[in-house]
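The analysis underlying the following values was restricted to heavy atoms, covering all of them including side chains, and did not include hydrogens, waters or symmetry mates. Since the structure is predicted, the reported quantities are computational estimates derived from the model, not experimental observations.
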Amino acid sequence: MRRPRGGPRAAGDQGGGPVTETVDLRVADLHPAVDDPALNSMNFLNEVAQHYPDAVSLAAGRPYEEFLDVAALHRHLDRFRRHLADDLGQSPTQVHRTLLQYGRTKGIVHHLVARNLAVDEDVTVDPEAIVVTVGCQEAMFLVLRALRADPRDVLLAVAPTYVGLTGAARLLDLPVRPVAGGPAGIDLTDLREQVRVARAAGLRPRACYVMPDFANPSGTSIGLTGRRRLLDLAAEEDLLLLEDNPYGLFPAPDAGRLPTLKALDTARRVVYLGSFAKTVLPGARVGYVVADQRVAGADGTVGLLADQLAKIKSMVTVNTSAIAQAVVGGALLEHGCSLVAATVRERAAYGRNLRHLVDGLARRFPAGTSPVRWNVPAGGFFVVLTVPFGVDDALLHRSAREYGVLWTPMAHFYDDGAPVDALRLSVSAVTPDEIDLGLDRLAALVADETARRAATAEVG
């Protein structure tokens, strides 16, 4: 993976030469992860659009902003306040304290999350097995921190992998070993092989991270048969599965929803990572983890993995913002705890945009006449475009600066440093007109870059 270029300069540095100010620390004095490509990638991908505000962004995997409503914050907050008083029987003093004070580490909307999982995912889980977190990113961090118990421990992850997972593992000194993905979402033969290779090397594979529905960044999904086989393999190899599901509610209009791994899980093999960023409000930064695995203590008592995660959380963020949880809780209550019901317009918009993007690619890169290829996901936010030249951050900057379009280099989602001739396009934060404009600009870039490299090869 290439390191993103650029970055903030020290005060007084005008560019064009080395920073000469006195420094107090050097990167070499800090944890190695702070200069790891995965951490650099996350900041780079989050901030690159700010440097090119006039470019059409087919890079951002964020929800469509026109659906976000400030007025809804007050309505949802009041709905949750009434829930505390009317449904849970809290006194005015208790309601005041629940909303405005430090709160329960596991969260105050855990019971509503459990209801949501039952309504939308057919998952029955004890609310006490749920920890409400500061976004799904914290949920990942807590689980990885708990699982990394020994220097021999490793994590497996389907490649290409969400960079936030890789970065969190780096901070915890937990090596990540890739498992082949492919059109089926995961290569189960390779997963079994990677488990056995790791064990033969004296390592302990603790879990495999998977995104079965419309994965970020690949857009691929695991079919129903593949999900059942994956669960069987996890049982045979004594492996946990970390299921991340931020996009599962957004199938294409002509595609149905498949049961989550957690819904199919009868042996508590799945730790389920959830987020309300795409379905309710990204600014609330509320996620959760379902960790119903039984954990035996040194004294012989048996508790939940969620209890152990809560201990870690208490030392990381203490608790998740009660106000943010209340907004999410109110939104759940407003729709009978069904996010399927709450996201009808979002599902329609994302499905429309996905089809518009795929059709637009077909018009601009006709089959049989263009070397450009792409996948057609059954839902979600992302499409991967394969092009006949290497894609890196320098090309992205040139694309934004000279052509006015942003996208994401796929190299950020691999961990071997090899060049990748592909880029990720996102449909979630744009209109059909913006998609057309962005694709026109992207087609011009692809044509010019292909010609330029062909000319260079001829000269060489």
Enquirer: Applying side chain to side chain contact (heavy atoms under 4.5 Å, CB included), run through Asp307 and Val295 and close with a yes or a no.
Expert: CA-CA 9 Å; Asp307 298 327; Val295 178; over 6 Å; no

Enquirer: Apply side chain to side chain contact (heavy atoms under 4.5 Å, CB included) to residues Asp292 and Ile130 and explain how you reach the verdict.
Expert: CA-CA 8 Å; Asp292 58 351; Ile130 295 170; over 6 Å; no

Enquirer: Can you check whether Arg62's main-chain N or O pairs, donor with acceptor, with Lys278's side chain at less than 3.5 Å?
Expert: no

Enquirer: Looking at every non-hydrogen atom in both residues, tell me the closest pair between Phe413 and Pro217 and how far apart they are.
Expert: CG-CG, 3.3 Å

Enquirer: Side-chain donor-acceptor contacts of residues 157-165 below 3.5 Å, not counting sequence neighbours, with atom names and distances?
Expert:
unit_1 : atom_1 : unit_2 : atom_2 : d
Thr161 : OG1    : Val158 : O      : 2.6
Tyr162 : OH     : Gln137 : OE1    : 3.1

Enquirer: Look at the side chain of Gln94 and the backbone N and O of Ser91, then say whether any donor-acceptor pair between them is shorter than 3.5 Å.
Expert: yes

Enquirer: Please give me the minimum heavy-atom distance between Cys337 and Asp120, naming the atom from each residue.
Expert: O-OD2, 4.2 Å

Enquirer: How far does CG of Leu242 sit from CZ of Arg269, to the nearest 0.5 angstrom?
Expert: 12.5 Å

Enquirer: Would you call Asp359 and Arg363 a salt bridge, using N to O less than 4.0 angstrom?
Expert: no

Enquirer: Would you check if Leu309 and Val143 make a side-chain contact, meaning some heavy-atom pair closer than 4.5 Å?
Expert: yes

Enquirer: Step by step, work out the side chain to side chain contact (heavy atoms under 4.5 Å, CB included) result for Arg206 and Val154.
Expert: CA-CA 6 Å; Arg206 302 305 309 273; Val154 295; over 6 Å; no

Enquirer: Are any of the side-chain nitrogens in Arg148 or Asp153 under 4.0 Å away from the carboxylate oxygens of its partner?
Expert: no

Enquirer: Can the ring centroids of His111 and His83 be said to lie less than 6.0 angstrom from one another?
Expert: yes

Enquirer: Compute whether any side-chain donor of one residue and acceptor of the other, for Tyr102 and Asn319, lie under 3.5 angstrom apart.
Expert: no

Enquirer: Quick one: are Leu339 and Val119 in side-chain contact, heavy atoms under 4.5 Å?
Expert: no

Enquirer: Can you name the one residue among Phe214, Tyr64, Phe381 that meets ring-ring contact (aromatic ring centres under 6.0 Å, His included) with Phe250?
Expert: Phe381

Enquirer: From Leu77 CG over to Leu73 CG, what is the distance, rounded to the nearest 0.5 angstrom?
Expert: 8.5 Å

Enquirer: Return yes if some donor-acceptor pair links the side-chain N/O of Ser399 with the main-chain N/O of Val405 below 3.5 Å, else return no.
Expert: yes

Enquirer: Between Ser428 and Phe382, is there a side-chain heavy-atom distance shorter than 4.5 Å?
Expert: no

Enquirer: Please say which of Val113, Leu281, Val327 ends up in a side chain to side chain contact (heavy atoms under 4.5 Å, CB included) with Phe276.
Expert: Val113

Enquirer: Any non-hydrogen side-chain atom of His51 less than 4.5 Å from a side-chain atom of His397?
Expert: no

Enquirer: Using the side-chain hydrogen bond (donor to acceptor under 3.5 Å, both in side chains) rule, pick out the option among Arg104, Gln90, Arg81 that qualifies with Thr98.
Expert: Gln90

Enquirer: Around atom CZ of Arg228, are there more than 12 heavy atoms of other residues, nucleotides or ligands at under 6.0 Å?
Expert: no

Enquirer: Starting from the C-alpha separation in whole Å, work towards a yes-or-no answer on side chain to side chain contact (heavy atoms under 4.5 Å, CB included) for Val340 and Arg347.
Expert: CA-CA 9 Å; Val340 170; Arg347 187 160 57 253; 4.0 Å; yes

Enquirer: Verify, without hydrogens or angle tests, whether Gln325 (side chain) and Thr320 (backbone) share a donor-acceptor contact under 3.5 angstrom.
Expert: yes

Enquirer: From the options Asp265, Leu261, Asn245, Asp244, select the one residue that forms a side chain to side chain contact (heavy atoms under 4.5 Å, CB included) with Tyr272.
Expert: Asn245

Enquirer: Side-chain donor-acceptor pairs under 3.5 Å in residues 168-181, sequence neighbours left out?
Expert:
unit_1 : atom_1 : unit_2 : atom_2 : d
Arg170 : NE     : Asp36  : OD1    : 3.4
Arg170 : NE     : Asp36  : OD2    : 2.9
Arg170 : NH2    : Asp415 : OD1    : 2.7
Arg170 : NH2    : Asp415 : OD2    : 2.3
Asp173 : OD1    : His31  : NE2    : 3.2
Asp173 : OD2    : His31  : NE2    : 3.4

